[in-house]
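Chain letters run A, B, ... following the sequence lines, proteins first, then strands; residues in each count from 1. Hydrogens, waters and symmetry mates are skipped; everything else that's a heavy atom, side chains included, is used. Bear in mind the structure is a predicted one, so any value in this text is a computation, not a measurement.
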Protein chains: 2
Amino acid sequence: MKSPTIYDVAEKAGVSIATVSKVINNTGRISDKTRKKVLSVMDELNYYPSVVASALTGKRTHMIGLLLPNLANPFYAELARNMEDRADELGYSLVICSTDYKEEKEQKYVSLLIRKRVDGFIITSGFNNVDLVQELLDHKIPVTLIAYNITRKSLNTVSVDDYTGGYQATAHLAELGHKRIAVITEQVQSSADRIRGYKTALNDFELLYDDNLFSEAQATVENGEKEAGKLLNLEDPPTAIFAFNDILAIGAMEAVHKRGLSIPEDVSIIGFDNTILAKHCYPPLTTMAQPLDEIGNQAVDLLVGEIESKITRKQRVMLSAELVIRDSTGPLKKKKKTNASDVSIQ
Amino acid sequence: MKSPTIYDVAEKAGVSIATVSKVINNTGRISDKTRKKVLSVMDELNYYPSVVASALTGKRTHMIGLLLPNLANPFYAELARNMEDRADELGYSLVICSTDYKEEKEQKYVSLLIRKRVDGFIITSGFNNVDLVQELLDHKIPVTLIAYNITRKSLNTVSVDDYTGGYQATAHLAELGHKRIAVITEQVQSSADRIRGYKTALNDFELLYDDNLFSEAQATVENGEKEAGKLLNLEDPPTAIFAFNDILAIGAMEAVHKRGLSIPEDVSIIGFDNTILAKHCYPPLTTMAQPLDEIGNQAVDLLVGEIESKITRKQRVMLSAELVIRDSTGPLKKKKKTNASDVSIQ
DNA sequence: TTGAAAGCGCTAACAA
DNA sequence: TTGTTAGCGCTTTCAA
């Protein structure tokens, strides 16, 4: 009933537990004969060495705590999947915890994972409690941050160039002739840089920043719809909306459609992330693609590097987002007062 | 540098480790004074009891291994998220492993999780290796299956009524007047029942089963598109396609669009799952909604019930899918040869 | 109400 | 090449 232990194996193989341990871990020198014997007994007994026990003797648990806002969000799900694969390649498993942007959950999960003695943490954007990160650092627990910088601290970090991303998205819209470009931002750290990019682009294209065209929401379709709705109800509504993630963008599309307007004829919409949703919504969403695989790989590599002390210096990896043009953005339509004679002949 | 142990706490609090252990676990009787003292020292020292150590003394690890085909698939991501929440409520964490429908990965992850001494397994559809499940059973490791029955064995199981689901989807199409209804099935166990439902419905509506209208693919958009493409290229193509999950359905939509046909005017499409994709694709997808929250809760409850031996008898929970009608299905269009006089006046 | 001590399954000196 | 043994941090009897 109880699973066999190293003692059972040792006894049955007629050797000491030290010998068994050595063949399990491929350490020390063991004669081929003994090794084979032990191996066959292990097999016969269906013996699975306990990582619990081995972790207690100072070895690692080979578990990584992954904190993200919401696993049901395709962006995070895709990211998590990439990290899972990379982690597995390096011999680690992921314990995934959704914080829902709530500090109490962050708190709870961090302490839970510390008690479980995970070897390190990967923390993604949307994490609010900086003190918690500091606590991990104090405990000398390796941490890698994704899309989330704490400039005052020295940390492993991987993120995309949000400033440029924000700039490019805005510029794309401006180049299409849009003058009133709204943003629906998200309350996460990467937003700040995207907003900077947005403002710089506005400036470069000689457009005025209008506070009315600025909104903020948590990443749900409903919120995107609500915020876009407000924007569209403005006296002088935007002709283009830059949503800081695909989910919000899709909500915005909903709002546009519900008003009987079309995309991109009446309103252009651009998202951010390039999740699976972007490809299959209607119309297909122009968006800034994040290199999710690269982000995941780098984050895991950095973390495991630190865990196994192969990397000693902290690194900040910056990747770039890329504009993917689909059908949700298009040239600014002429104003209503435009009459037939205005139509450019081409 | 090293994290404090129970000894550090005991020493600093001037008590024995047994006492500390008792206040940690709320066992035995401890005077209020000592308890407070110990608690304050724990806090002061930033002490986090090691579940690794406690697991070694026969306690649980409070970890559940969750095996699913692919976390990047929104269906599984949403399911996992629900289970994560429920597990957390009951004090458990999830270690999620994506098997990609590959037996070798199943094998690898199962033994990995056994070594990690997870308290139990939740295994979802798309798991191929029945022997592996048997092995877990032999080890007396609690297992709950989702959408995956092994009739010969006594197991905890939660699934939706796939037979009825398959029937309803097909009936919906048949009621709309469709005669040639194709299916794109998936190579998972639940497909069998859906196929039965499909065939029964065909029969009830006096339609003939046509082997040419039957295809099978793994759940990716690309595969859905490919299979639908083949179907559409048939001499006598289907006017309706029933895809066994939303992802395949979306691929099928793609194929229809690429041929310049419209949905549902030329081809009706129905999916299964009702993931976030279904709501926002174009046109919004009619689909059979799975009660993901119920499934997740039940699966976790069943598993934890067995782990904590509160439930002794195995249960099979069957939930039902529900038809959600959106815009991707519509009445059968009259044939091309139809002329004006055929148009019904209404 | 508290504590001493054995033991959980394994690793890693150190000896042999 | 193999074995003995002392921990790892905790739980749990059993005594005090």
Whole-Å distance separating the OH atom of B:Y48 from the P atom of D:dC8: 23 Å
Please pick, from C:dC10, C:dA12, C:dA5, the nucleotide with the shortest atom-to-atom distance to any side-chain atom of A:I6. C:dC10
If you compare every side-chain N and O of B:S21 against the phosphate oxygens of D:dC10 (OP1, OP2), does one of them come in below 4.0 Å? no
For the side chain of A:A18, starting at C-beta, report the closest nucleotide among D:dG3, D:dC10, C:dC10. D:dG3
If you check every side-chain atom of B:S50, which of D:dC10, C:dT1, C:dC10 has the closest atom? D:dC10
As an exercise, state the distance from CD1 of A:I64 to CE of A:M83, rounded to the nearest 0.5 Å. 8.5 Å
Could you give the distance from CZ (B:R81) to CD1 (B:I96), rounded to the nearest 0.5 Å? 10.5 Å
Tell me which nucleotide among C:dT2, D:dT11, C:dC10 gets nearest to the side chain of B:S31. C:dT2
Using OP1 and OP2 only, check whether a side-chain N or O of A:K59 sits under 4.0 Å from C:dA12. yes
Using a heavy-atom cut-off of under 4.0 Å over every strand shown, decide if A:T34 touches base, sugar-phosphate, or nothing. sugar-phosphate
Measure the distance from CG on A:N25 to P on C:dA12 and round it to the nearest whole Å. 7 Å
In whole Å, what is the span from the CZ atom of B:R117 to the P atom of C:dC8? 14 Å
Salt bridge A:K310-A:E308, side-chain N to carboxylate O under 4.0 Å: yes
Assess the side chains of B:S98 and B:N70: does a donor N or O sit below 3.5 Å from an acceptor N or O? no
Check every atom of D:dG3, D:dG9, C:dT1 against the side chain of B:T5 and return the nucleotide holding the closest atom. D:dG9
What integer distance in Å separates A:E11:CD from D:dT2:P? 18 Å
Applying a 4.0 Å non-hydrogen cut-off, can you work out what A:I17 is touching in the nucleic acid: base, sugar-phosphate, or nothing? base
Take B:G14 and A:P4, find for each the nucleotide of DNA chain C with the closest heavy atom, and name the residue whose nucleotide sits nearer the 5' end. B:G14
How long is the line joining NZ of A:K37 and P of D:dT2, in whole Å? 14 Å
When the distance from CZ of B:R60 to P of C:dC8 is rounded to whole Å, what number comes out? 18 Å
Counting only side-chain heavy atoms from C-beta out, which of C:dG3, D:dG9, D:dT2 sits nearest to B:K22? C:dG3
For the residue pair B:T57 / B:S54, report whether a side-chain donor-acceptor contact shorter than 3.5 Å exists. no
From C-beta outward on A:S16, which listed nucleotide comes closest to its side chain: C:dA4, D:dG3, D:dT11? D:dG3
With heavy atoms under 4.0 Å as the rule, sort A:V15 into base, sugar-phosphate or nothing. sugar-phosphate
Donor-acceptor pair under 3.5 Å, B:Y7 side chain vs D:dC10 base: yes
Hey, does the side chain of B:T57 come within less than 4.0 Å of D:dG9's phosphate (OP1/OP2), counting only N and O? no
Value in whole Å for how far the P atom of D:dT11 lies from NE2 of B:H62: 11 Å
In whole angstroms, how far is the C1' atom of D:dC10 from the CZ atom of A:R115? 14 Å
Which nucleotide wins on minimum distance to the side chain of A:L56, given the candidates D:dC8, C:dC10, C:dT2? D:dC8
Testing A:K314, A:Q315, A:E306 one by one against A:N156 for a side-chain hydrogen bond (donor to acceptor under 3.5 Å, both in side chains), which residue passes? A:E306
